[in-house]
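Inspection log for the structure reproduced underneath, given as structure tokens.
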Amino acid sequence: MPTLTRHLLHAGGIALWFMLLALPLLAVRVDTLHNVVEWRWGNLLWVGAGAFVLTLLWRSMAAWRQRPSKEPAALATAAGRLLDEPRLYRPAVGLLLGAALLLPWLVDTYQTNIMGLALIFVVLGLGLNITVGLAGLLDLGYIAFFAVGAYCYALLNTRFGLGFWACLPLGGLAGAVCGLLLGFPILRLRGDYLAIVTLGFGSIARIVIENWENVTGGAQGIAGVARPGLFGLELSLAGMTIYLYYLLLALVAVTAFVTRRLQHSRIGRAWVALREDEIACAAMGVDVARTKLSAYAFGAFWAGLVGVIFAARNTYINPNSFTFMESALVLSIVVLGGMGSIVGVVLAALVLVLLPEYLRAVAEYRMLVFGAVMVLMMIIRPQGLIIARRKRYRAREAA
Amino acid sequence: MDALLDIRGVIMDFGGLRAVDGVSLQVFPGEIVALIGPNGAGKTTLFNCMTGIYRPSGGEIRIDPTGKAGRRIDGLPPHRITALGLARTFQNIRLFNGMTALENVMLGHHCRTTTGLLGAIVHGPAARRQEQATIAAAYAMLERVGLAPYADEVAGNLSYGAQRRLEIARALATAPSLLLLDEPAAGMNPQETFELDELIVRIRDEHKVAILLIEHDMRLVMNISDRIYVLEYGKSIACGTPLEIRGNPRVIEAYLGEDGHA
């Protein structure tokens, strides 16, 4: 087959080229002790073989993408129909929720703990999804609101002895207020400028926490934060892990439910319209400033809320949990999941948080594999895992 | 009768450039008024001043939907002006491309509905009723402009003519008393333009709105306008009925050309 030979020749050429490039680095080693040059041809062979296989893989994937096959489209429509049809998705959601409820009894404490961490990022992803996915307002410092919630509880608890349940709404409110505060100065910014300012805000928040030592404890953080109570019961460590898991699961459910309600409401439509065209949105009678502020505040609210749980779960917080890397991770969750899609964001959060955890087996390569998975995703599905679909409204004749 | 829209001596400067230079213009209830002139005469800039996208450097713009008391609108933010009864379409179509046609029109109801954050989350009977009313009204509006079969179609996928009509439907959903159309026939084929004539007149009659339109298609302008204003280099050079404008030597020189009575 001529195409096959062409593929093989191409891959062979690339392999040779890579071997040539790698020659001085990987094959030649000057042993200065014995004044000899060591030739490690084995290494070179590995590079060649690797480049050959990867090139073939890459080319076959490119060919697969160009193939006018109907299969992926059919699959996408089937998935879309599943998400559209209440009779189909309701049992599916129920089934998933049931599985999630059973999970802690089927796996050990370590797994439950990791799932809890993943759920934290699910809530963060859903929160940022409101700001970035729905309203289209980029926020590179989102983790700052998470920090606000966490420090809000840690401080109120260790200094004033306030309980978890009293602090939960307070943390959310503190997050929302900070969202408003960030929103005001950047109402008129767009695109790159918005990215710069939000990035700056995220950094400022962390630097303030790091340096305001007599309040936040600086880099040492705050230790001895109380775990959430359960009607005064004493829980074992395993019990507490399961309890926190359920707490987070409930928060995920609430967040998803509320986002869904909002998405297809007057407010949600205004958010999406703002994302699509700001000038037209204003001309259609939408108060752009208010809509933007509400999107920032509401997105930040969830981060504050889950921040409280984060502090209670770890019993110790320090500024290292709130770096730009975390903001970037949450943003990748939203982008990878598909802007504005709730199911997509949940899936992406699980993948992006759990993947590095389970890749610990391949230790030092795990971030490499993680990166490769991200790149592959962007090639195969650049719009994200699940494409957000617009709701179809039915006009009732009687109305 | 009091003017619905009363523009007096509006000036718009961009740095050293005076794009609109002391234009005065009135639109009375139930009128169809056209604004014509060469490219760059300041027609769209005047629209942007009226709808709050620009803040005029001078002059006054008043709107009087009830016929009782005029209200100054120059300098108000766009959404307030829309709430006061001024709606517009755009020269280069600005639909919400990712939303369905129906949702586009539903968004037009935004300033006439009240459901807030909490109301949307709780989704109580009042919110439900309002949502259903919005859906029904938006659907009826789509039917009126002939887009009902495309209600669930994403706006960006509609044909050009359909997108223009959808923009009109979306603007009408804000329940305006004056509708501003910025080149509604641009890019339409002759058949679509022909249907647009009829649509604009029908909208005026059915919705009891006055219409102010910018248009280069002289057949359309001469057919449906009650009065015409002509702009050149930011100045108003003529105003009158289609017949008067067609015979005005200055307008012929500036814009229509010798055989411009098409």
Side-chain angles (χ1 to χ4, degrees), chain A residues 84 130 133-134 136 176 187 254-255 257-295 297-299 301 338-341 383 387-399, chain B residues 48 51-53 77-83 86-90 93-100 102-104 106-117 119-123 127 129-140 142 148 151-152 154-156 167 170-171 173-175:
Chain A
D84 268 353
I130 293 171
L134 291 180
L187 275 177
V254 170
T255 317
F257 174 78
V258 168
T259 312
R260 201 184 148 74
R261 274 275 164 88
L262 277 176
Q263 203 171 12
H264 303 297
S265 74
R266 173 174 171 270
I267 303 284
R269 279 193 299 273
W271 283 339
V272 177
L274 190 72
R275 178 185 79 190
E276 300 281 325
D277 191 325
E278 196 174 320
I279 290 179
C281 189
M284 288 309 119
V286 175
D287 187 340
V288 170
R290 221 171 131 172
T291 308
K292 274 190 184 179
L293 286 179
S294 70
F298 204 64
F301 173 77
M339 305 271 259
S341 160
Q383 327 87 321
I387 302 161
R389 294 165 66 88
R390 298 308 307 168
K391 184 175 176 170
R392 313 207 151 161
Y393 294 92
R394 295 271 164 272
R396 296 212 185 107
E397 295 307 317
Chain B
N48 285 343
T51 50
I53 293 177
H79 68 272
R80 295 274 308 280
I81 294 175
T82 308
L86 209 75
R88 73 172 293 179
T89 67
F90 293 88
I93 300 174
R94 303 194 85 126
L95 285 167
F96 308 121
N97 285 331
M99 299 168 87
T100 65
L102 191 71
E103 281 180 309
N104 267 275
M106 284 169 80
L107 193 95
H109 287 269
H110 188 92
C111 61
R112 306 291 171 213
T113 45
T114 52
T115 307
L117 216 55
I121 296 169
V122 178
H123 206 54
R129 220 175 305 126
Q130 196 173 64
E131 185 78 357
Q132 272 311 316
T134 304
I135 296 169
Y139 204 79
L142 280 180
D152 288 336
V154 173
E167 251 205 328
R170 186 181 66 175
T174 66

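Bear in mind the structure is a predicted one, so any value in this text is a computation, not a measurement. Every chain is numbered from 1 and lettered A, B, ... according to where its sequence line falls, protein lines coming before strand lines. Atoms considered below: every heavy atom in the structure, side chains included; atoms not considered: hydrogens, waters and symmetry mates.
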Per-residue tally against chain A (heavy atom, under 4.5 Å) across B:V154, B:N97, B:T51 peaks at B:N97
Worksheet item: Can you tell if the side chain of A:L293 reaches within under 4.5 Å of the side chain of A:L187, non-hydrogen atoms only?
Response: yes
Under 4.5 Å to a heavy atom of chain A? For B:V122 that would be backbone
The interface call for B:T89 against chain A, heavy-atom contacts under 4.5 Å, is neither
Checked A:R261, A:H264, A:M284, A:R266 vs chain B; the most non-hydrogen pairs under 4.5 Å come from A:R266
- Task: Please step through side-chain contact (heavy atoms from CB on, under 4.5 Å) for the pair A:L274 and A:V286, ending with a clear verdict.
- Result: CA-CA 9 Å; A:L274 190 72; A:V286 175; 5.8 Å; no
Side chains of B:H79 and A:V288 in contact at under 4.5 Å (non-hydrogen atoms): no
Bottom line for B:T113: the part with an atom under 4.5 Å from chain A's heavy atoms is both
Heaviest contributor of heavy-atom pairs below 4.5 Å to chain B, chosen from A:S265, A:A282, A:A283, A:A273, is A:A273
So, the part of B:I53 with a heavy atom under 4.5 Å from chain A: the answer is side chain
Hits for side-chain hydrogen bond (donor to acceptor under 3.5 Å, both in side chains) against B:E131, two or more places apart or cross-chain, chain-then-number order -> A:R269
- Taking the six-membered ring of B:F90, is NZ or CZ of B:R88 closer than 6.0 Å to its centre and within 45° of its axis? yes
Chain A shares the most heavy-atom pairs under 4.5 Å, among B:L95, B:L117, B:L86, with B:L117
Comparing A:I267, A:L262, A:D287 against chain B, the one with the most heavy-atom pairs below 4.5 Å turns out to be A:D287
#### Entry: Criterion side-chain contact (heavy atoms from CB on, under 4.5 Å) on A:I130 and A:W271, from CA distance to verdict
CA-CA 8 Å; A:I130 293 171; A:W271 283 339; 3.6 Å; yes
- Item | A:K292 side chain near A:E278 side chain, heavy-atom distance below 4.5 Å | yes
